[in-house]
Amino acid sequence: PRILSDMESQLELLLQLLGQQQQQQQLPYHWLPPAGLGALLQLLAAVILKPGGKVKQALLHVSRGLQLVEQQLAVQHVGPTTTEASLDHIHTREVRGCLVLQVLLLEVQQQLQLLSANYAAACQAACESIALLQRFPGLLNSMRVSVHLAAGLYAQSMNAFDAAQAHFRKAAASQDSHMRVCGRCLAVLCILSQDGTAAAVSRGRELLGGLVESVDTRLGYAERAVANITSGLLLLAAPDSSSADKSDAKQRLSKALKLAHGRLQNHQVVSQVLLFMAPLQIHNADVAGAHSMLTSSFTLAKGAGDLPAQVASLSMMQQLYHHAQQADKAGQNHNYLLRKQEDLSSRIQEAESSAQQHALVLKWDL
């Protein structure tokens with residue numbers, strides 16, 4: 001709460017300073033119109049809040065940012081039906097800046113909605129981004145890969161792994177190193193989600209390339225975390241994995257956990273890695289350690305409204321209680337798990353019920 005309060009006050013001060021400089025015409029150079037700069041500040045606030053699972057607060061900043069962008073685009077005579085061909089090319093630079101901001105805000109909005117299992121709203125946000133790219137293909141061409149990644153994340157949440165993998169492969173073809181690494185890793189995770197055979201593991205290793213052997217420390221923290229998770233899970237998924245493979249996998253997952261907790265401070269990634277590490281603790285007969293990991297994973301997931309992670313934690317906890325022959329706890333956990341599974345299923349069905357939008361996101365540009 002203290003950090004949130006401080007950030008809100010600093011944001012307010014920045015917005016006030018921006019307004020004063022606009023009135024006094026003291027801006028040293030013209031980069032974005034003042035409303036665009038205000039939207040950028042709102043975007044930064046949302047990005048800062050998202051890793052800690054502060055979904056409601058972050059969505060509020062995204063909403064404010066989108067309002068500012070829409071107001072500025074209206075001033076520039078860019079409405080809901082305006083296309084790139086109809087723009088006055090003298091003002092395309094300013095328009096492009098606001099359009100890029102709009103796509104970035106929609107991207108963060110979708111990520112937050114996926115995190116909190118609001119899949120219908122996430123589908124809507126993805127459709128809005130796609131519509132912007134269709135109306136302004138040249139001005140927003142650099143955002144195409146980012147929208148593919150967003151579409152892939154939605155498809156993955158819907159368990160549409162073929163579509164998700166296709167979108168992630170598009171992202172993996174990017175010249176941007178962040179998109180390239182994340183796209184490859186997410187595509188591999190889709191392969192493992194569908195198929196745990198030796199052939200699937202082989203395809204995953206081929207796609208991941210050199211990241212299977214080692215993760216370059218020159219990569220960014222996020223890329224290193226996702227690469228360590230993916231390569232670790234590949235080692236565990238191999239049908240002939242040895243004790244040395246399991247040890248190597250545990251080390252990689254531990255590195256990912258350290259990055260997620262210490263550097264990224266991303267509760268969702270921490271929750272996921274704890275889920276992946278719990279079976280290793282059970283394998284080593286450390287039931288108490290596994291229980292602690294699953295409890296922590298569930299707590300973090302519940303705080304952000306991350307239903308898939310909650311279901312996964314409770315499912316693994318169910319196995320743990322059966323293994324420990326704790327019938328009472330198993331019964332209570334089972335009832336709670338059923339309620340969470342029903343909630344998750346209904347949310348997925350709600351998104352799928354908007355069949356045209358759902359299909360648009362899954363099939364776009366493939």
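Residue numbers count from 1 along this sequence. Reckoned from all heavy atoms, side chains included, excluding hydrogens, waters and symmetry mates. Remember, it's a predicted structure, so these values are computed and weren't measured experimentally.
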Do we see a donor-acceptor contact under 3.5 Å between the side chains of T197 and D195?
yes
Taking all atoms of both residues into account, what is the closest heavy-atom pair of L132 and L140, and its distance?
O-CD1, 3.6 Å
Results of salt bridge (charged side-chain N to carboxylate O under 4.0 Å, His left out) for E213 - residues two or more places apart only:
R205
Can you say whether the rings of H167 and W364 are parallel (under 30°), tilted (30 to 60°) or perpendicular (over 60°)?
parallel
Going by distance alone, is a donor N or O of one side chain under 3.5 Å from an acceptor N or O of the other, for Q71 and Q67?
no
For R96, which residues count as a salt bridge (charged side-chain N to carboxylate O under 4.0 Å, His left out) partner, sequence neighbours excluded?
none
Scanning both residues in full, the closest heavy-atom pair of P51 with L264 reads CB-O, 3.9 Å
Please identify each residue that fulfils ring-ring contact (aromatic ring centres under 6.0 Å, His included) with F136, with sequence neighbours left out.
none
Who are the salt bridge (charged side-chain N to carboxylate O under 4.0 Å, His left out) partners of D286, not counting sequence neighbours?
none
Membership question, hydrophobic clusters at under 4.5 Å side-chain separation (ILVMFWY): are L60 and L114 in the same one?
no
Those residues that, when tested against D216, pass salt bridge (charged side-chain N to carboxylate O under 4.0 Å, His left out) (two or more places apart)
R218
Under 3.5 Å, is there a donor-acceptor pair between the E342 and S346 side chains?
no
Side-chain polar contacts of residues 170-190 - donor-acceptor pairs under 3.5 angstrom, sequence neighbours left out - could you list them?
unit_1	atom_1	unit_2	atom_2	d
K170	NZ	D365	O	3.3
S174	OG	D176	N	2.9
D176	OD2	H178	N	3.0
D176	OD2	M179	N	2.9
H178	ND1	E223	OE2	3.0
R180	NH1	S174	O	3.3
R180	NH1	Q175	O	3.0
R184	NE	L207	O	3.4
R184	NH2	L208	O	2.3

Can you tell whether the side chains of D343 and R339 come within less than 4.0 Å, N to carboxylate O?
no
